[in-house]
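Below is one structure, written out as C-alpha coordinates; comments come after it.
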2 protein chains.
Amino acid sequence: MKLPPLVQSFVLHFGEMGSRWGINRTVGQIYALLYVSPGPLNAEQIVEALGVSRSNVSMGLKELQAWNLVLLKHIPDDRRDYFTTPDDVWLILRTLAEERKKREVDPTLSVLRELLMQTAGSEDERHAQARMAEMHGLIERLTTWYEDVKRLETERLAALLALGAKVTRLLEAKDKVVGLVRPRKGG
Amino acid sequence: MKLPPLVQSFVLHFGEMGSRWGINRTVGQIYALLYVSPGPLNAEQIVEALGVSRSNVSMGLKELQAWNLVLLKHIPDDRRDYFTTPDDVWLILRTLAEERKKREVDPTLSVLRELLMQTAGSEDERHAQARMAEMHGLIERLTTWYEDVKRLETERLAALLALGAKVTRLLEAKDKVVGLVRPRKGG
DNA sequence: CCGTCATTTCAGGAATTTCTGAAATGGCGA
DNA sequence: TCGCCATTTCAGAAATTCCTGAAATGACGG
(Lines give C-alpha, C1' and ligand atoms only; values in the text may rest on other atoms or scores of the structure.)
Protein backbone atom coordinates (compact mmCIF):
# COMPACT_ATOMS: atom_id res chain seq x y z
CA MET A 1 0.00 0.00 0.00
CA LYS A 2 1.54 3.26 -1.12
CA LEU A 3 -0.40 6.30 -0.13
CA PRO A 4 0.29 9.66 1.53
CA PRO A 5 0.62 9.06 5.29
CA LEU A 6 -2.57 10.89 6.18
CA VAL A 7 -4.60 8.99 3.66
CA GLN A 8 -3.00 5.72 4.63
CA SER A 9 -3.91 6.16 8.30
CA PHE A 10 -7.48 6.95 7.36
CA VAL A 11 -7.75 3.98 5.02
CA LEU A 12 -6.23 1.61 7.55
CA HIS A 13 -8.60 2.80 10.23
CA PHE A 14 -11.62 2.17 8.05
CA GLY A 15 -10.24 -1.25 7.28
CA GLU A 16 -9.93 -2.08 10.94
CA MET A 17 -13.35 -0.70 11.78
CA GLY A 18 -14.84 -2.67 8.92
CA SER A 19 -15.77 -5.69 10.99
CA ARG A 20 -17.57 -3.57 13.55
CA TRP A 21 -19.50 -1.88 10.77
CA GLY A 22 -20.56 -5.16 9.23
CA ILE A 23 -18.30 -4.91 6.20
CA ASN A 24 -14.92 -6.46 5.62
CA ARG A 25 -11.51 -4.88 5.67
CA THR A 26 -11.13 -4.45 1.94
CA VAL A 27 -14.56 -2.91 1.52
CA GLY A 28 -13.82 -0.46 4.31
CA GLN A 29 -10.50 0.48 2.77
CA ILE A 30 -11.93 0.96 -0.70
CA TYR A 31 -14.62 3.19 0.67
CA ALA A 32 -12.19 5.27 2.68
CA LEU A 33 -9.88 5.64 -0.29
CA LEU A 34 -12.65 6.79 -2.60
CA TYR A 35 -13.99 9.10 0.05
CA VAL A 36 -10.81 11.12 0.39
CA SER A 37 -9.60 10.90 -3.20
CA PRO A 38 -9.78 14.13 -5.18
CA GLY A 39 -11.36 12.40 -8.17
CA PRO A 40 -12.87 9.12 -9.31
CA LEU A 41 -10.63 6.05 -9.35
CA ASN A 42 -10.74 2.94 -11.46
CA ALA A 43 -10.30 -0.58 -10.17
CA GLU A 44 -6.67 -0.81 -11.19
CA GLN A 45 -5.80 2.35 -9.26
CA ILE A 46 -7.49 0.94 -6.19
CA VAL A 47 -5.54 -2.28 -6.56
CA GLU A 48 -2.28 -0.34 -6.64
CA ALA A 49 -3.22 1.94 -3.77
CA LEU A 50 -4.36 -0.84 -1.44
CA GLY A 51 -2.22 -3.75 -2.59
CA VAL A 52 -5.04 -6.26 -2.82
CA SER A 53 -6.10 -8.48 -5.68
CA ARG A 54 -8.06 -7.25 -8.64
CA SER A 55 -10.89 -9.67 -7.94
CA ASN A 56 -11.12 -8.56 -4.35
CA VAL A 57 -11.52 -4.98 -5.50
CA SER A 58 -14.18 -6.06 -7.94
CA MET A 59 -16.14 -7.77 -5.19
CA GLY A 60 -15.65 -4.88 -2.82
CA LEU A 61 -16.94 -2.38 -5.34
CA LYS A 62 -19.89 -4.58 -6.02
CA GLU A 63 -20.76 -4.61 -2.34
CA LEU A 64 -20.36 -0.86 -2.01
CA GLN A 65 -22.69 -0.44 -4.94
CA ALA A 66 -25.20 -2.71 -3.29
CA TRP A 67 -25.01 -0.34 -0.32
CA ASN A 68 -25.47 2.63 -2.67
CA LEU A 69 -22.38 4.12 -1.12
CA VAL A 70 -20.44 4.45 -4.34
CA LEU A 71 -21.12 6.12 -7.66
CA LEU A 72 -20.12 4.76 -11.02
CA LYS A 73 -18.65 7.38 -13.34
CA HIS A 74 -17.42 7.28 -16.88
CA ILE A 75 -14.60 9.28 -18.31
CA PRO A 76 -14.73 10.18 -22.03
CA ASP A 77 -12.61 7.92 -24.25
CA ASP A 78 -11.88 5.55 -21.39
CA ARG A 79 -13.95 2.44 -21.17
CA ARG A 80 -12.92 1.53 -17.66
CA ASP A 81 -15.34 2.12 -14.78
CA TYR A 82 -14.50 4.91 -12.37
CA PHE A 83 -15.87 5.21 -8.87
CA THR A 84 -16.48 7.95 -6.34
CA THR A 85 -18.46 8.53 -3.19
CA PRO A 86 -21.11 11.25 -3.14
CA ASP A 87 -19.67 14.64 -2.17
CA ASP A 88 -22.42 15.47 0.26
CA VAL A 89 -21.81 13.88 3.63
CA TRP A 90 -25.46 14.33 4.56
CA LEU A 91 -26.46 12.26 1.59
CA ILE A 92 -23.96 9.62 2.68
CA LEU A 93 -25.52 9.63 6.11
CA ARG A 94 -28.98 9.19 4.67
CA THR A 95 -27.86 6.30 2.52
CA LEU A 96 -26.15 4.64 5.42
CA ALA A 97 -29.20 5.01 7.62
CA GLU A 98 -31.49 3.68 4.94
CA GLU A 99 -29.35 0.65 4.19
CA ARG A 100 -28.72 -0.23 7.79
CA LYS A 101 -32.40 0.01 8.52
CA LYS A 102 -33.14 -2.25 5.58
CA ARG A 103 -30.60 -4.85 6.69
CA GLU A 104 -30.63 -4.62 10.46
CA VAL A 105 -34.09 -3.51 11.43
CA ASP A 106 -36.69 -4.41 8.84
CA PRO A 107 -36.16 -8.17 8.96
CA THR A 108 -36.66 -8.17 12.71
CA LEU A 109 -39.73 -6.01 12.45
CA SER A 110 -41.25 -8.42 10.00
CA VAL A 111 -40.43 -11.48 12.10
CA LEU A 112 -41.96 -9.79 15.13
CA ARG A 113 -45.13 -8.99 13.26
CA GLU A 114 -45.39 -12.56 12.10
CA LEU A 115 -44.86 -14.00 15.56
CA LEU A 116 -47.36 -11.60 17.08
CA MET A 117 -50.02 -12.91 14.71
CA GLN A 118 -49.67 -16.44 16.02
CA THR A 119 -51.61 -17.80 18.95
CA ALA A 120 -49.75 -18.47 22.15
CA GLY A 121 -50.18 -22.02 23.37
CA SER A 122 -48.83 -21.63 26.89
CA GLU A 123 -48.33 -19.09 29.61
CA ASP A 124 -44.67 -18.71 28.68
CA GLU A 125 -45.56 -18.11 25.09
CA ARG A 126 -48.08 -15.52 26.13
CA HIS A 127 -45.41 -13.74 28.12
CA ALA A 128 -42.93 -14.01 25.27
CA GLN A 129 -45.46 -12.47 22.94
CA ALA A 130 -46.03 -9.60 25.32
CA ARG A 131 -42.31 -8.92 25.33
CA MET A 132 -42.17 -9.12 21.57
CA ALA A 133 -45.02 -6.65 21.41
CA GLU A 134 -43.02 -4.22 23.53
CA MET A 135 -40.03 -4.56 21.26
CA HIS A 136 -42.19 -4.24 18.19
CA GLY A 137 -43.83 -1.12 19.57
CA LEU A 138 -40.51 0.54 20.25
CA ILE A 139 -39.02 -0.30 16.88
CA GLU A 140 -42.12 0.93 15.16
CA ARG A 141 -41.97 4.25 16.97
CA LEU A 142 -38.36 4.64 15.97
CA THR A 143 -38.85 3.75 12.35
CA THR A 144 -41.91 5.96 12.06
CA TRP A 145 -39.89 8.84 13.41
CA TYR A 146 -37.10 8.00 11.01
CA GLU A 147 -39.40 7.79 7.99
CA ASP A 148 -40.69 11.14 9.02
CA VAL A 149 -37.48 13.09 9.50
CA LYS A 150 -35.64 11.54 6.62
CA ARG A 151 -37.88 13.50 4.28
CA LEU A 152 -36.71 16.82 5.67
CA GLU A 153 -34.38 18.87 3.55
CA THR A 154 -30.86 18.77 4.91
CA GLU A 155 -31.01 22.32 6.14
CA ARG A 156 -34.01 21.63 8.34
CA LEU A 157 -32.56 18.37 9.52
CA ALA A 158 -29.42 20.19 10.56
CA ALA A 159 -31.51 22.79 12.38
CA LEU A 160 -33.33 20.04 14.19
CA LEU A 161 -30.08 18.45 15.29
CA ALA A 162 -28.69 21.76 16.43
CA LEU A 163 -31.73 22.29 18.56
CA GLY A 164 -31.35 18.93 20.23
CA ALA A 165 -33.17 18.49 23.49
CA LYS A 166 -34.13 22.13 23.55
CA VAL A 167 -37.12 21.21 21.41
CA THR A 168 -38.88 19.96 24.50
CA ARG A 169 -38.59 23.37 26.07
CA LEU A 170 -40.11 24.69 22.92
CA LEU A 171 -42.87 22.17 23.31
CA GLU A 172 -43.63 23.33 26.82
CA ALA A 173 -43.52 26.90 25.66
CA LYS A 174 -45.94 26.07 22.91
CA ASP A 175 -48.66 25.02 25.34
CA LYS A 176 -48.41 28.28 27.23
CA VAL A 177 -48.06 30.43 24.19
CA VAL A 178 -50.97 28.85 22.41
CA GLY A 179 -53.02 29.71 25.47
CA LEU A 180 -51.94 33.33 25.21
CA VAL A 181 -52.31 33.81 21.52
CA ARG A 182 -55.44 31.79 20.94
CA PRO A 183 -57.34 31.59 24.26
CA ARG A 184 -59.46 28.50 24.46
CA LYS A 185 -63.13 28.90 23.65
CA GLY A 186 -64.11 27.01 26.77
CA GLY A 187 -61.49 28.97 28.79
CA MET B 1 -32.94 -26.77 21.31
CA LYS B 2 -36.25 -27.39 23.04
CA LEU B 3 -38.40 -24.32 23.38
CA PRO B 4 -41.99 -23.31 22.71
CA PRO B 5 -42.34 -22.69 18.95
CA LEU B 6 -42.88 -18.95 19.30
CA VAL B 7 -39.84 -18.53 21.49
CA GLN B 8 -37.77 -20.78 19.29
CA SER B 9 -38.52 -18.71 16.17
CA PHE B 10 -37.61 -15.55 18.00
CA VAL B 11 -34.38 -17.02 19.35
CA LEU B 12 -33.37 -18.41 15.98
CA HIS B 13 -34.02 -15.10 14.31
CA PHE B 14 -31.80 -13.26 16.76
CA GLY B 15 -29.14 -15.86 16.18
CA GLU B 16 -29.26 -15.35 12.45
CA MET B 17 -29.27 -11.57 12.75
CA GLY B 18 -26.32 -11.77 15.10
CA SER B 19 -23.70 -11.36 12.45
CA ARG B 20 -25.37 -8.24 11.07
CA TRP B 21 -25.52 -6.78 14.55
CA GLY B 22 -21.86 -7.43 15.22
CA ILE B 23 -22.41 -10.24 17.67
CA ASN B 24 -22.27 -13.97 17.08
CA ARG B 25 -25.07 -16.46 16.84
CA THR B 26 -24.87 -17.76 20.38
CA VAL B 27 -24.78 -14.30 21.90
CA GLY B 28 -27.82 -13.30 19.88
CA GLN B 29 -29.67 -16.41 20.94
CA ILE B 30 -28.84 -16.00 24.60
CA TYR B 31 -30.02 -12.44 24.54
CA ALA B 32 -33.26 -13.31 22.79
CA LEU B 33 -33.94 -16.12 25.23
CA LEU B 34 -33.38 -13.96 28.27
CA TYR B 35 -35.43 -11.19 26.75
CA VAL B 36 -38.59 -13.26 26.40
CA SER B 37 -38.17 -15.47 29.45
CA PRO B 38 -40.59 -14.80 32.29
CA GLY B 39 -37.83 -14.89 34.88
CA PRO B 40 -34.05 -14.96 35.27
CA LEU B 41 -32.20 -18.01 33.95
CA ASN B 42 -28.97 -19.60 35.02
CA ALA B 43 -26.25 -20.78 32.67
CA GLU B 44 -27.32 -24.40 32.82
CA GLN B 45 -30.86 -23.55 31.80
CA ILE B 46 -29.53 -21.61 28.85
CA VAL B 47 -27.36 -24.56 27.85
CA GLU B 48 -30.40 -26.82 27.84
CA ALA B 49 -32.61 -24.36 26.03
CA LEU B 50 -30.13 -23.59 23.27
CA GLY B 51 -28.18 -26.82 23.05
CA VAL B 52 -24.74 -25.23 23.07
CA SER B 53 -21.78 -25.88 25.31
CA ARG B 54 -21.49 -24.58 28.82
CA SER B 55 -18.33 -22.67 27.99
CA ASN B 56 -19.94 -21.04 25.03
CA VAL B 57 -22.76 -19.80 27.24
CA SER B 58 -20.24 -18.52 29.72
CA MET B 59 -18.46 -16.51 27.03
CA GLY B 60 -21.72 -15.28 25.59
CA LEU B 61 -22.93 -14.04 28.95
CA LYS B 62 -19.62 -12.34 29.51
CA GLU B 63 -19.98 -10.48 26.24
CA LEU B 64 -23.56 -9.48 26.98
CA GLN B 65 -22.42 -8.14 30.31
CA ALA B 66 -19.70 -6.15 28.58
CA TRP B 67 -22.48 -4.63 26.48
CA ASN B 68 -24.47 -3.94 29.65
CA LEU B 69 -27.37 -5.73 28.04
CA VAL B 70 -27.80 -8.31 30.76
CA LEU B 71 -28.36 -8.13 34.48
CA LEU B 72 -26.89 -10.49 37.02
CA LYS B 73 -29.36 -11.63 39.67
CA HIS B 74 -29.06 -13.80 42.69
CA ILE B 75 -31.69 -16.08 44.09
CA PRO B 76 -31.69 -16.81 47.84
CA ASP B 77 -30.07 -20.11 48.80
CA ASP B 78 -28.82 -20.70 45.29
CA ARG B 79 -25.26 -19.83 44.54
CA ARG B 80 -25.59 -19.99 40.79
CA ASP B 81 -25.72 -16.77 38.78
CA TYR B 82 -29.03 -15.86 37.19
CA PHE B 83 -29.44 -13.49 34.29
CA THR B 84 -32.14 -11.27 32.85
CA THR B 85 -32.48 -8.36 30.50
CA PRO B 86 -33.85 -5.08 31.79
CA ASP B 87 -37.64 -4.92 31.60
CA ASP B 88 -37.77 -1.45 30.15
CA VAL B 89 -37.27 -1.54 26.40
CA TRP B 90 -36.39 2.15 26.41
CA LEU B 91 -33.54 1.45 28.74
CA ILE B 92 -32.39 -1.33 26.45
CA LEU B 93 -32.47 1.10 23.55
CA ARG B 94 -30.39 3.61 25.47
CA THR B 95 -27.83 0.99 26.39
CA LEU B 96 -27.61 -0.24 22.84
CA ALA B 97 -27.16 3.28 21.52
CA GLU B 98 -24.51 4.07 24.09
CA GLU B 99 -22.51 0.93 23.46
CA ARG B 100 -22.70 1.14 19.70
CA LYS B 101 -21.56 4.71 19.83
CA LYS B 102 -18.67 3.73 22.05
CA ARG B 103 -17.59 0.94 19.74
CA GLU B 104 -18.52 2.16 16.29
CA VAL B 105 -18.33 5.93 16.40
CA ASP B 106 -15.96 7.17 19.06
CA PRO B 107 -12.85 5.46 17.72
CA THR B 108 -13.38 7.02 14.31
CA LEU B 109 -14.02 10.41 15.81
CA SER B 110 -10.76 10.23 17.68
CA VAL B 111 -8.79 9.10 14.64
CA LEU B 112 -10.30 11.93 12.63
CA ARG B 113 -9.34 14.48 15.24
CA GLU B 114 -5.82 13.16 15.31
CA LEU B 115 -5.44 13.23 11.54
CA LEU B 116 -6.88 16.73 11.34
CA MET B 117 -4.16 17.95 13.68
CA GLN B 118 -1.42 16.85 11.33
CA THR B 119 0.00 18.99 8.58
CA ALA B 120 -0.79 18.04 5.02
CA GLY B 121 2.31 17.59 2.90
CA SER B 122 0.72 17.57 -0.53
CA GLU B 123 -2.28 18.80 -2.42
CA ASP B 124 -3.92 15.38 -2.17
CA GLU B 125 -3.39 15.30 1.55
CA ARG B 126 -4.89 18.74 1.85
CA HIS B 127 -7.94 17.55 -0.01
CA ALA B 128 -8.15 14.39 2.08
CA GLN B 129 -8.05 16.48 5.22
CA ALA B 130 -10.86 18.67 3.97
CA ARG B 131 -12.97 15.57 3.41
CA MET B 132 -12.09 14.26 6.85
CA ALA B 133 -13.12 17.60 8.30
CA GLU B 134 -16.52 17.27 6.65
CA MET B 135 -16.96 13.81 8.07
CA HIS B 136 -15.77 14.93 11.46
CA GLY B 137 -18.17 17.84 11.45
CA LEU B 138 -21.12 15.65 10.64
CA ILE B 139 -20.30 13.03 13.23
CA GLU B 140 -19.80 15.69 15.83
CA ARG B 141 -23.19 17.22 15.10
CA LEU B 142 -24.79 13.83 15.42
CA THR B 143 -23.07 12.88 18.64
CA THR B 144 -23.76 16.27 20.18
CA TRP B 145 -27.43 15.83 19.39
CA TYR B 146 -27.31 12.34 20.81
CA GLU B 147 -25.59 13.41 24.03
CA ASP B 148 -28.27 16.01 24.34
CA VAL B 149 -31.40 13.94 23.80
CA LYS B 150 -30.18 10.92 25.69
CA ARG B 151 -30.57 12.88 28.90
CA LEU B 152 -34.28 13.35 28.35
CA GLU B 153 -36.64 11.34 30.48
CA THR B 154 -38.23 8.58 28.48
CA GLU B 155 -41.59 10.27 28.42
CA ARG B 156 -40.20 13.38 26.77
CA LEU B 157 -38.11 11.34 24.40
CA ALA B 158 -41.20 9.46 23.33
CA ALA B 159 -43.05 12.75 22.84
CA LEU B 160 -40.22 13.99 20.69
CA LEU B 161 -40.32 10.89 18.55
CA ALA B 162 -44.07 11.11 18.20
CA LEU B 163 -43.75 14.64 16.99
CA GLY B 164 -41.24 13.67 14.35
CA ALA B 165 -40.74 16.11 11.54
CA LYS B 166 -43.61 18.22 12.78
CA VAL B 167 -41.15 19.92 15.09
CA THR B 168 -39.95 22.00 12.20
CA ARG B 169 -43.42 23.42 11.76
CA LEU B 170 -43.32 24.25 15.41
CA LEU B 171 -40.01 25.96 14.82
CA GLU B 172 -41.46 28.10 12.09
CA ALA B 173 -44.44 28.90 14.27
CA LYS B 174 -42.14 29.89 17.08
CA ASP B 175 -40.59 32.72 15.10
CA LYS B 176 -43.96 34.21 14.37
CA VAL B 177 -45.37 33.65 17.82
CA VAL B 178 -42.37 35.07 19.62
CA GLY B 179 -42.94 38.20 17.61
CA LEU B 180 -46.51 38.35 18.85
CA VAL B 181 -46.01 37.56 22.48
CA ARG B 182 -42.76 39.35 23.14
CA PRO B 183 -42.38 42.12 20.59
CA ARG B 184 -38.76 42.96 20.02
CA LYS B 185 -37.45 45.97 21.88
CA GLY B 186 -35.95 47.37 18.73
CA GLY B 187 -39.34 46.65 17.13
C1' DC C 1 -7.52 -27.27 54.71
C1' DC C 2 -10.70 -30.35 51.91
C1' DG C 3 -14.62 -31.48 48.81
C1' DT C 4 -18.13 -29.71 46.05
C1' DC C 5 -20.21 -27.00 42.81
C1' DA C 6 -20.27 -22.96 39.61
C1' DT C 7 -17.75 -20.43 36.50
C1' DT C 8 -13.86 -19.17 33.56
C1' DT C 9 -10.00 -19.97 30.68
C1' DC C 10 -7.90 -21.73 26.81
C1' DA C 11 -5.85 -24.81 23.16
C1' DG C 12 -7.15 -26.65 19.25
C1' DG C 13 -10.79 -28.21 16.02
C1' DA C 14 -14.94 -26.70 13.28
C1' DA C 15 -17.20 -23.38 10.75
C1' DT C 16 -17.34 -19.26 8.38
C1' DT C 17 -15.58 -15.43 5.97
C1' DT C 18 -12.28 -13.30 3.17
C1' DC C 19 -9.08 -13.25 -0.45
C1' DT C 20 -6.65 -14.85 -4.55
C1' DG C 21 -5.44 -16.50 -9.25
C1' DA C 22 -7.27 -18.49 -13.10
C1' DA C 23 -10.86 -18.94 -16.13
C1' DA C 24 -15.18 -17.15 -17.92
C1' DT C 25 -17.96 -13.37 -19.54
C1' DG C 26 -19.00 -9.31 -22.01
C1' DG C 27 -18.47 -5.22 -24.83
C1' DC C 28 -16.32 -3.07 -28.65
C1' DG C 29 -13.75 -2.06 -32.81
C1' DA C 30 -11.44 -4.06 -36.79
C1' DT D 1 -15.84 -13.31 -36.53
C1' DC D 2 -11.64 -12.31 -33.94
C1' DG D 3 -8.62 -10.02 -30.65
C1' DC D 4 -8.31 -6.97 -26.98
C1' DC D 5 -9.32 -5.18 -22.67
C1' DA D 6 -12.17 -4.64 -18.48
C1' DT D 7 -14.81 -6.93 -15.33
C1' DT D 8 -16.90 -10.83 -12.98
C1' DT D 9 -17.15 -15.42 -11.31
C1' DC D 10 -15.67 -19.07 -8.67
C1' DA D 11 -13.02 -22.96 -6.53
C1' DG D 12 -9.98 -23.45 -3.25
C1' DA D 13 -6.40 -21.38 -0.05
C1' DA D 14 -5.71 -18.29 3.79
C1' DA D 15 -7.34 -15.94 7.62
C1' DT D 16 -10.48 -15.23 11.10
C1' DT D 17 -14.08 -16.25 14.19
C1' DC D 18 -16.67 -19.41 16.76
C1' DC D 19 -17.30 -23.32 19.59
C1' DT D 20 -16.04 -27.22 22.46
C1' DG D 21 -14.12 -30.24 26.11
C1' DA D 22 -10.85 -30.39 29.50
C1' DA D 23 -8.44 -28.23 32.93
C1' DA D 24 -7.97 -24.25 35.99
C1' DT D 25 -9.93 -20.99 39.12
C1' DG D 26 -12.74 -19.47 42.72
C1' DA D 27 -16.21 -19.45 46.37
C1' DC D 28 -18.25 -21.65 50.11
C1' DG D 29 -19.46 -24.92 53.94
C1' DG D 30 -17.77 -28.43 56.77
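Labels below follow one simple rule: chain letters A, B, ... track the order of the sequence lines, proteins then strands, and each chain is numbered from 1. Any value given below was found using the heavy atoms of this structure, including those in side chains, with hydrogens, waters and symmetry copies removed.
- If you check dT9(C), dT18(C), dT7(D) against the side chain of N24(A), the one that comes closest is dT18(C).
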Mind listing the N/O atom pairs, protein and nucleotides 26-30 of chain C, below 3.5 Å?
residue	atom	partner	partner atom	Å
dG27(C)	N2	R79(A)	NH1	3.4
dG27(C)	N2	R79(A)	NH2	3.4

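- For residues 46-56 of chain B, every residue pair satisfying the side chain to side chain donor-acceptor pair (under 3.5 Å) rule, not counting sequence neighbours, is listed here: T26(B)-N56(B), S53(B)-S55(B).
- Residues satisfying the salt bridge (Lys or Arg N to Asp or Glu O under 4.0 Å) test with E99(A), not counting sequence neighbours, are K102(A), R103(A).
- Listed pair K62(A) / dT9(D) meets the phosphate criterion, a side-chain N or O lying under 4.0 Å from OP1 or OP2.
- Of all nucleotides listed (dT9(C), dT7(D), dC19(C)), dT7(D) comes nearest to the side chain of R80(A).
- In terms of the side chain to side chain donor-acceptor pair (under 3.5 Å) criterion, residue partners of H74(B) (sequence neighbours excluded) are, by chain and number, D81(B).
- Counting non-hydrogen atoms under 4.0 angstrom, N42(A) reaches nothing in the nucleic acid.
- Using a 4.0 Å cut-off between charged side-chain N and carboxylate O, R20(A) and E16(A) make no salt bridge.
- Residues satisfying the side chain to side chain contact (heavy atoms under 4.5 Å, CB included) test with D77(B), not counting sequence neighbours, are none.
- Taking the side chain to side chain donor-acceptor pair (under 3.5 Å) definition, one finds that D88(A) meets it with nothing, sequence neighbours left out.
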Close N/O contacts between protein and nucleotides 21-24 of chain C (under 3.5 Å):
residue	atom	partner	partner atom	Å
dG21(C)	N7	S55(A)	OG	3.2
dG21(C)	O6	S55(A)	OG	2.7

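- The two atoms that bring L6(B) and E125(A) nearest to each other are N-OE2, 3.1 Å, heavy atoms only.
- Near DNA chain D, meaning a heavy atom under 4.0 Å away, there are no residues from residues 99-108 of chain A.
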Discussion item. Using the rule given for side chain to side chain contact (heavy atoms under 4.5 Å, CB included), can you reason through L72(A) versus F83(A), listing the C-alpha separation, both sets of side-chain angles and the distance that settles it, and then say yes or no?
Written reply: CA-CA 5 Å; L72(A) 178 57; F83(A) 299 89; 3.7 Å; yes
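- Rounded to a whole Å, the CG atom of L41(B) is 16 Å from the P atom of dA6(C).
- With sequence neighbours excluded, the residues forming a side chain to side chain donor-acceptor pair (under 3.5 Å) with E104(B) are R100(A), R100(B), listed by chain and number.
- At a non-hydrogen distance threshold of 4.0 Å, nothing from residues 8-22 of chain A comes into contact with DNA chain C.
- Nucleotide dC5(D) holds its C1' atom 13 Å from the OH atom of Y82(A), rounded to whole Å.
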Anything under 3.5 Å between a donor and an acceptor, one on a side chain of residues 90-97 of chain B, the other on a protein residue two or more places apart or in another chain? List them.
residue	atom	partner	partner atom	Å
R94(B)	NH1	K150(B)	O	2.7
R94(B)	NH1	L152(B)	O	3.4
R94(B)	NH2	L152(B)	O	2.9
R94(B)	NH2	T154(B)	OG1	3.2
T95(B)	OG1	L91(B)	O	2.9

For residues 108-117 of chain A, dump all side-chain donor-acceptor pairs below 3.5 Å to protein atoms at least two apart in sequence or in another chain.
residue	atom	partner	partner atom	Å
T108(A)	OG1	H13(B)	NE2	2.8
R113(A)	NH1	H136(A)	NE2	3.2
R113(A)	NH1	E140(A)	OE2	2.8

